Amino acid sequence: MNLTNPQRVLSGMRPTGQLHLGHLHGVLKNWVQLQHEYKCFFFVADWHALTTHYDDTSGINESIWDMVIDWLAAGVNPGEATLFIQSRVPEHAELHLLLSMITPLSWLERVPSYKDQQNKLSSKDLGTYGFLGYPLLQSADILTYRAGLVPVGEDQVAHVELTREVARRFNFVYGREPDFEERVKVAIKKMGKKNAKLYKELRRRYQEQGDSEALQTARALLEGQQNITIGDKERLFGNLEGSGKVILPEPNSLLTRAAKMPGLDGQKMSKSYNNTIALRSPPEEVEVALRTMPTDPARVRRTDSGEPEKCPVWQMHEVYSNDEIKSWVQEGCRSAGIGCIDCKQPVIDAVLNELNPLQERIKAYQEDRETVHAIIAEGCESARNEARETLEEVRQAMGLLYR
Ligand code: TRP
Ligand code: SF4
């Protein structure tokens, strides 16, 4: 069973500190692209921050608003995407709890980040229930919106995989109805003669000949139906593939194919390596940070030649410079025709040019907190409406609608 709903995208970010150029190039630029193409939900994962920072919550409030402002300044558009805060949509917690009932402990224990993070953050006690369960909380985040696509980095793919397994199990356990076949028949009729015939034909082609194009077409046909209820759609989606109702569709990860943003030391830019340039760094600090960045260690003196491939500044050029500048660097470095200070100048200019308008916009939002609060209030409300619908379906499937 592999029902996806590709027009919905969901992604979250933890409010654990200042956003930096790595977030801008690795995540935010991607979000800005996606918001034009899909129905996007982007949220502040504040409960996720608690799974590792439960002992000191004092920074969360400020981090949340700083982060939202940085998103907006980077071009994430509340007119196109729904922006919200996880804890303002308590349905995430309800779904997390309900999913926990059917999730084997071993599935959580074998998620790679569980052991990795425990080792990496060994100064913290991460032997908590919340920490073990956090990938499942992420599953609940995704499934609450029945998102088809989840933009994530490499390290998060395992969480989307877990989500698929949990959704499959949920549909398997709760998607069986005694009168399923009967209800499917009724639902097909409701589509009207022409569509009903098309649906049956496409289903036959998929089931008898494994024609996956027919499956895609049939899904699109169902998506477009206005006359049938969500419950009936779930039945018809399941019926296509020979399963029960598909209440929670399985999502796919959307690997971010962004340029690798190097940190000041050439490793991946990350707060934990202390090698970041924050989006809010004052220009003077940016300049100093880049000027003092290490270069190819072989270039001790100005007259020594160097090798860009061994230099983190070159990786910055890969992100920021055009072909002309790049060949100037390659040639000048290898022939010692340029010095490292010369070489860094175009990068410094490019970063400052990028940050200058961004910081202007950040400032404007900081002076207009009311607008920011209103954007989030509205986003939370519309996210919650979507979440309520899913939870209604989930309770119904689980036999928890007591009427
Ligand atoms: N766990 C993600 C991180 O640490 C954040 C996150 C929480 C998320 N829920 C999500 C990302 C749902 C994508 C979808 O970066
Ligand atoms: Fe690095 Fe540029 Fe210096 Fe070469 S010239 S070592 S690429 S900073």
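Only heavy atoms go into these numbers, but all of them, side chains included; no hydrogens, no water, no symmetry mates. Positions are given from 1 along the sequence. Counting starts at 1 for both ligands and their atoms, following the listed order. None of these values were measured; they are calculated from a predicted model.
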Enquirer: Is the distance from the ring center of F84 to that of Y145 below 6.0 Å?
Expert: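 Aromatic pair counts; centres sit under 6.0 Å.
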Enquirer: So E154 and K268, salt bridge (charged side-chain N to carboxylate O under 4.0 Å, His left out) or not? Walk me through it.
Expert: CA-CA 13 Å; E154 210 75 72; K268 179 182 171 200; over 6 Å; no
Enquirer: Would a 4.5 Å heavy-atom cut-off, applied to side chains only, mark C340 and V313 as touching?
Expert: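 SC-SC contact between C340 and V313 ruled out.
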Enquirer: Can you give me a line-by-line list of nitrogen or oxygen pairs between ligand 1 and the protein shorter than 3.5 Å?
Expert:
from, atom 1, to, atom 2, distance (Å)
ligand 1, 1 (N), Q138, OE1, 3.0
ligand 1, 1 (N), Q156, OE1, 3.1
ligand 1, 4 (O), R14, NE, 3.0
ligand 1, 9 (N), H48, NE2, 3.4
ligand 1, 9 (N), D141, OD2, 2.7

Enquirer: Taking only Lys NZ, Arg NE, NH1 and NH2, and the carboxylate oxygens of Asp or Glu, determine whether R88 and D46 approach each other closer than 4.0 Å.
Expert: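 Looking at D46 together with R88, the answer is no, because their closest N to O distance does not fall below 4.0 Å.
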Enquirer: Does the distance from a Lys or Arg side-chain N to an Asp or Glu carboxylate O, for K39 and E223, drop under 4.0 Å?
Expert: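 No, K39 and E223 are not salt-bridged.
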Enquirer: Would you mind telling me which of F43, Y38, F42 makes a ring pair (Phe, Tyr, Trp, His ring centres under 6.0 Å) with W31?
Expert: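 The residue from F43, Y38, F42 that satisfies ring pair (Phe, Tyr, Trp, His ring centres under 6.0 Å) with W31 turns out to be F42.
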Enquirer: List the steps, then state whether side chain to side chain donor-acceptor pair (under 3.5 Å) holds for D349 with Q345.
Expert: CA-CA 6 Å; D349 294 340; Q345 196 56 49; 3.0 Å; yes
Enquirer: Are any of the side-chain nitrogens in E94 or R395 under 4.0 Å away from the carboxylate oxygens of its partner?
Expert: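 Yes, E94 and R395 are salt-bridged.
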Enquirer: Are the charged groups of R183 and E234 less than 4.0 angstrom apart, N to O?
Expert: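 So R183 does not pair with E234 through a salt bridge.
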Enquirer: Which protein N, O or S atoms lie under 2.8 Å from atom 1 (Fe) of ligand 2, given by chain and residue number?
Expert: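 Listed by chain and number: C311 SG.
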